There are 2 protein chains.
Amino acid sequence: MVVEKASTPKNGRPRAVTLDAILDAATELADDQGLDAVSFRALADRLGVSPMAIHRTTGGVDALQHALVSRIVGEVTRSVDWPEDWRGIVRLFADTLHDLLMRHPVILEAHRRASLVGPGADDVAYRVVAALRGAGLDEEAAAYAYGTLHDFVTGHVAIRLGRGDLELHHLPPERRAASVFADHHDYDRRFSFGLDLVIGGIAAAAATPASHEEQR
Amino acid sequence: MVVEKASTPKNGRPRAVTLDAILDAATELADDQGLDAVSFRALADRLGVSPMAIHRTTGGVDALQHALVSRIVGEVTRSVDWPEDWRGIVRLFADTLHDLLMRHPVILEAHRRASLVGPGADDVAYRVVAALRGAGLDEEAAAYAYGTLHDFVTGHVAIRLGRGDLELHHLPPERRAASVFADHHDYDRRFSFGLDLVIGGIAAAAATPASHEEQR
DNA sequence: ACCTGAACACCGTTCAAGT
DNA sequence: ACCTGAACACCGTTCAAGT
């Protein structure tokens, strides 16, 4: 079986531009200047081809954004050395997703148009759900608890990247001085505290398995 | 003190377009067709003026988006009848924020450009933090627990609106059948479960106040 | 004071023409 | 097969001109 070089199509003439090269440039541009800066014309300038070569190779702007997100999310899966206790697994998952989103803000911008799906993301999800079952949650609770972690981490990074200050710093000065938020606006602390809170909730739910059915 | 009618400037000629009318049209357009559909030309067509009248009145596209978000978020504060127990207050806050974001998806699209600040949002935050202190959290913990709730609700709605299916449904068919996620993808359930989890975590943290300091 | 309309520099996409 | 360049229908913004 002959593996054909990606940059050499059948007629022998070297391809002017590859999808990988486009995605590299697009990732850099998007994380640096925002998704709006990723135009076919801007990419074409960088890569020394015409805008239409980009358009044809990517298959349009929607396909480009989908490929962009999909490739980055694939990073989550790479060579993760999982700990043994469920708390460690949950923490590693949350930290890894957190770092990935912080490193590539473009995902949060594009994730409404291109879903957050990567080729290996499923394995990570399975691993986390298995850990949650090991903690004592039943199948349904483990699946939804994974969802809670996902929602929390995503929401945290979205808000963290959305603005430099907390959402309450537009208070009038006299109230700002009295605000409990003025002294507590460290995002790393906010993230680790929230993660501890969720982990504590998981432990509590595991201790009393039917608690979420009882209280109505 | 004479209160001037907003639609009648000093020279007596009726104003062709008011900021409120623009924001009404923009909210409708954005929630219906997405933020990209909100162009000055589209708004001008709806309101029967020139695009430049919109531009001048709003102060540019950034100011328009900021005003849009700010006005909608102001809804959170209106006539909330708070319960007495801290769990009820936390639930009402989370549900209210959840419903607001679901009703106006434009906020999630625009919140990177225009911060999530409303004139009355601070009062709501104060109320929730006070409830969390009542539950037994110290000042710092209450402030960050409010952040956790905010992050979770925002992230949940962002993911919920971002795609109709869960993030794991692109599995190959044979694995999809075995997936724990296939049977558990109800977003209302996911939200209420997650909220219960966070509330359980808050209760656990309140029972052992220094727990987040001990484990390192 | 407020609005208009032309102009400018962008954008994604279609399509006929080149090699 | 792959790329190009012109054309088309958009976009926000600037600015001189109207009333």
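Just so you know, these numbers come straight off a predicted model, no measurement behind them. Letters A, B, ... are given to chains in the order of the sequence lines, protein chains preceding strands, and every chain is numbered from 1.
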Nucleic acid contacts of residues 39-52 of chain A, taken as heavy-atom distances under 4.0 Å to DNA chain D: V49(A), S50(A), M52(A)
Charged N-O contact under 4.0 Å between D196(A) and R189(A): no
Parallel, tilted or perpendicular, as decided by the 30° and 60° cut-offs, for the rings of F191(A) and F152(A): parallel
R46(A) with D24(A): basic N within carboxylate O range, under 4.0 Å: no
Residue pairs fulfilling ring pair (Phe, Tyr, Trp, His ring centres under 6.0 Å) with at least one residue in residues 22-54 of chain A, sequence neighbours excluded: F40(A)-H55(A)
Rounded distance in Å - CG (L64(A)) to P (dC11(C)): 14 Å
Partner residues of D32(B) under the side chain to side chain donor-acceptor pair (under 3.5 Å) criterion, sequence neighbours left out: none
Pairing of R133(B) and D138(B) as salt bridge, 4.0 angstrom limit: no
A53(A) side chain, from C-beta outward: closest of dC3(D), dT4(C), dT13(C): dC3(D)
Watson-Crick or G-U stems involving DNA chain D, each at least 3 pairs long, distances under 3.5 Å, ordered by first number: C:4-8 with D:12-16, C:12-16 with D:4-8
Sequence-distant partners of A135(B), side chain to side chain contact (heavy atoms under 4.5 Å, CB included), two or more places apart: W86(B)
Between dC15(D) (P) and H55(B) (NE2): distance, integer Å: 11 Å
With a cut-off of 3.5 Å and sequence neighbours excluded, list every side-chain donor-acceptor pair involving residues 96-105 of chain A.
from    : atom 1 : to      : atom 2 : distance (Å)
T96(A)  : OG1    : L92(A)  : O      : 2.6
H98(A)  : NE2    : R160(A) : NH1    : 3.1
R103(A) : NH2    : E75(A)  : OE1    : 3.2
H104(A) : ND1    : D31(A)  : OD2    : 2.5

Atom-to-atom span, CD of Q65(A) to C1' of dG12(C) - whole angstrom: 12 Å
